[in-house]
Protein chains: 2
Amino acid sequence: MNLKQLSELLGLSQTTVSRALNGYPEVNEATRERVLQAVKETGYRPNKAAQRLATGKAGSIGLVMPTAPDHYSDVHFGEFLTGLGEEAVRHDFHFVIMPADPNDEVGALRRLAISGNVDALFVAYMRGHDPRLPMLKSLSMPFLVHGRSIGSEPDYPYLDIDNEAAFYDAARLLLQLGHTRFALLNGPGHLDFAIRRKNGLVSALSERGLSLPEDCVSHSAMTDELGQAAMERFLQMPECPTAILCSSTVLALGAIRAVNQAGLKLGEDISLIAHDDVLPHLKPENFSVPLTTTRSSLRAAGVRIAQRLIGTVKQDGPYPEQELWKTELIVRSSTGPAPRPDQNLGGV
Amino acid sequence: MNLKQLSELLGLSQTTVSRALNGYPEVNEATRERVLQAVKETGYRPNKAAQRLATGKAGSIGLVMPTAPDHYSDVHFGEFLTGLGEEAVRHDFHFVIMPADPNDEVGALRRLAISGNVDALFVAYMRGHDPRLPMLKSLSMPFLVHGRSIGSEPDYPYLDIDNEAAFYDAARLLLQLGHTRFALLNGPGHLDFAIRRKNGLVSALSERGLSLPEDCVSHSAMTDELGQAAMERFLQMPECPTAILCSSTVLALGAIRAVNQAGLKLGEDISLIAHDDVLPHLKPENFSVPLTTTRSSLRAAGVRIAQRLIGTVKQDGPYPEQELWKTELIVRSSTGPAPRPDQNLGGV
DNA sequence: TGCGTTTGTCAAAGCGCTTTGGAACAGGGT
DNA sequence: ACCCTGTTCCAAAGCGCTTTGACAAACGCA
């Protein structure tokens, strides 16, 4: 069944049917109803290839999927994709992925762009001075990045959360509670969000004349196991930190296991604030000691990014070029006043 | 630059240029050279949408990407995707993914098929009686599955490895070495490969009149952490198993950590055989005690599947409908004779 | 010389949509 | 009666490719 057949069936012209289907105003509501009804009955679906040829829009957004273990083993990315997908389905858009060797992302991105299969590009996992940025700018194709790239001119469209403020605020809370010895359980050190979170923490500390020793910073992929390992190292330090900032609830999961195994009490001996991406299977309120968190939904970010990207392609913007979402600092029980200095923690 | 312009530039007809480009025989070699040269100079690229409309082929294969933590956190899937991608790039094919809620895979698959954006479908992570199979068969679209679905009529095109034989052979080797107490570190219990591997082990054991106690079987996602946890449980059993079969080198990584921490020697106190998917970052020969493995490259499977799928779409088959790859049993140092029965292992 | 066969090329007809530029018709005002 | 303004619809022209059917030119062979 194609447009021609359908229009003949209805005794209308292709033009009218097409317009009825695409919501143009110059068609009688009664006619439109009749068309819609016929579509339902016949199961007519417009041919995508023809639509694409006629409009010049593929109805798709491209992304390169790095196949390094670090990346795809990342629960966070899946959650984000879910959001993207939800919104895309709503608009009948689809995703084209290009699996790529992690040290040829730029090439993969270019191939994807010139392949002619996509209308817009999306990139994530931004790093400092990210080499993909100049490449994206040189392309004449809309794109949107999730996150930012520290060290690059911020003249590109992005959606990011205010990582620096998040960790700055979290640190301030802990400082107010009297903590002075901090540690940071961060994501991979080359990623932009990790850099900014660290900066946020450092600047809150320096306002109080404190600093963050390098051995109190752990950079790793965000799995609970690595969180546990890092926390174990922190706990073995002679001057064990009492305030922990954690880049993910997944890392926190492991870290807390380490705390428990050391016989320490979360929220008493150790205060911990984690960034919460709102992963559906890992709710901070369900931890045995509910977690104080900085919250921002990764899935919502995915939805919003899809929205903007699709909007750009359909030209029904204008969308703000750059969005910086604030996070919410939600206090639960994993934070408490710093233990009195004479209390012994180290020797467990 | 489009075909028309290019052909005018060359003083040829569109027909001839098109044929020259697509390797048709009825065009003079000299002419073809001239065309190819012009393409290089002008940077002409055929419009995908037009090609697609004219040929009816989208040049793409679709896959649904389940967004459950179990799935995308799986290193193995990434490795497989890499293989798929390698081959697809070679043929200028692309992937369309549909992120999907894990309990709506069937719906997602259908939506993908009728979207008109793909020529063929691919599915993986087969389970027993997999509900996607009847759905795929009802579609009139080529598809290929990686793995099989036990309990379903095997009348669909698949590529699988002989999981049963692999673990049967591995078990036989260990039996010959005198082992009698076995344990199985398996993948998620609902997945077909896990079922078959268990079957392979069980049938080797039953030939010797042995059985596999249920508490000697662990089913979990294949991460090293879970491997370690499971192995720790095995080691605490009163009659600790001496022969371990392991569904992935990733699980083995964790399991071996547990063995070491228990002060046991791999290849002496405990023999272990792991299935090796040939993950580039985890080579069994580089383990401190090199691993005895059943080997079959996941990436190669990806390449082959892409090959077959693309071939089917381009109709240059026929490819075998069903392929069952044998695995290789490669003996290294993690296997050895069973410790003498009077030796004490349990009390560590 | 004439006749059948390749060989190399072309004009034109799709593929199934969207969109432009009218046209037909109705109703309202003069 | 006329013109004017909307409303509702249509015929036809693309979009940029592939593919069909035909046609000269060149060739071998009698």
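Order of the sequence lines sets the chain letters (A, B, ...), proteins ahead of strands, with each chain counted from 1.
- Evaluation of the side chain to side chain contact (heavy atoms under 4.5 Å, CB included) rule for Q5(B) yields M1(B), N2(B) as partners, not counting sequence neighbours.
- You'll find the ring centres of F95(B) and F122(B) outside the 6.0 Å limit.
- The NZ-C1' distance, from K57(A) to dT18(C), rounds to 13 Å in whole Å.
- Checked against salt bridge (Lys or Arg N to Asp or Glu O under 4.0 Å), E86(B) has the following partners two or more places apart in sequence or in another chain: R90(B), R299(B).
- At dC15(D), none of the side-chain N or O atoms of N2(B) fall inside 4.0 Å of OP1 or OP2 (strictly under the cut-off).
- Direction change of the helix axis from one end of the helix from dT1(C)-dA30(D) to dT30(C)-dA1(D) to the other is 60°, with five pairs defining each end axis (rounded to 10°).
- Between the NZ atom of K4(A) and the P atom of dC15(C) there is a distance of 8 Å, given to the nearest Å.
- Proximity of Q51(B) to the phosphate of dG16(D): no side-chain N or O atom is located under 4.0 Å from OP1 or OP2.
- In this structure, CG in L139(B) is found 7.0 Å from CG in L109(B), a value given to the nearest 0.5 Å.
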Check: Could you write nucleotides 8-14 of chain C as a row of B, S and -, 5' to 3', where a protein heavy atom under 4.0 Å of any base atom gives B, of only sugar-phosphate atoms gives S, and otherwise -?
Finding: BBBBB-B

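- Within the nucleic acid shown, T55(B) comes within 4.0 Å of sugar-phosphate atoms alone, with no base atom in reach, counting heavy atoms only.
- For residues 134-153 of chain B, the pairs satisfying salt bridge (Lys or Arg N to Asp or Glu O under 4.0 Å) are K137(B)-D155(B), R148(B)-D160(B), with sequence neighbours left out.
- Remark: D104(B) pairs with R111(B) by the salt bridge (Lys or Arg N to Asp or Glu O under 4.0 Å) rule, at least two apart or across chains.
- Judged as a side-chain hydrogen bond (donor to acceptor under 3.5 Å, both in side chains), and not counting sequence neighbours, N47(A) has no contacts.
- Rounded to whole angstrom, the span from the CG atom of L3(A) across to the P atom of dG16(C) amounts to 11 Å.
- Going from atom CG of L53(B) over to atom P of dC15(C) covers 9 Å, rounded to whole Å.
- One atom, CE of M1(B), and another, C1' of dC15(D), lie 17 Å apart when rounded to the nearest Å.
- The stretch residues 35-47 of chain B has no heavy atom under 4.0 angstrom from DNA chain C at all.
- Of the side-chain N and O atoms in Y24(A), none sit less than 4.0 angstrom from OP1 or OP2 of dT8(D).
- Each ring pair (Phe, Tyr, Trp, His ring centres under 6.0 Å) pair with one or both residues in residues 129-156 of chain B, not counting sequence neighbours, appears once here: F80(B)-H146(B), Y156(B)-Y158(B).
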Table please: side-chain donor-acceptor pairs of residues 33-41 of chain B below 3.5 Å, with sequence neighbours left out.
from	atom 1	to	atom 2	distance (Å)
R34(B)	NH2	L10(B)	O	3.4
Q37(B)	NE2	E41(B)	OE2	3.1

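- Residues that satisfy the salt bridge (Lys or Arg N to Asp or Glu O under 4.0 Å) test with D119(B), not counting sequence neighbours, are absent from this structure.
- Every residue two or more places apart in sequence or in another chain that forms a salt bridge (Lys or Arg N to Asp or Glu O under 4.0 Å) with D130(B) is listed here: R132(B).
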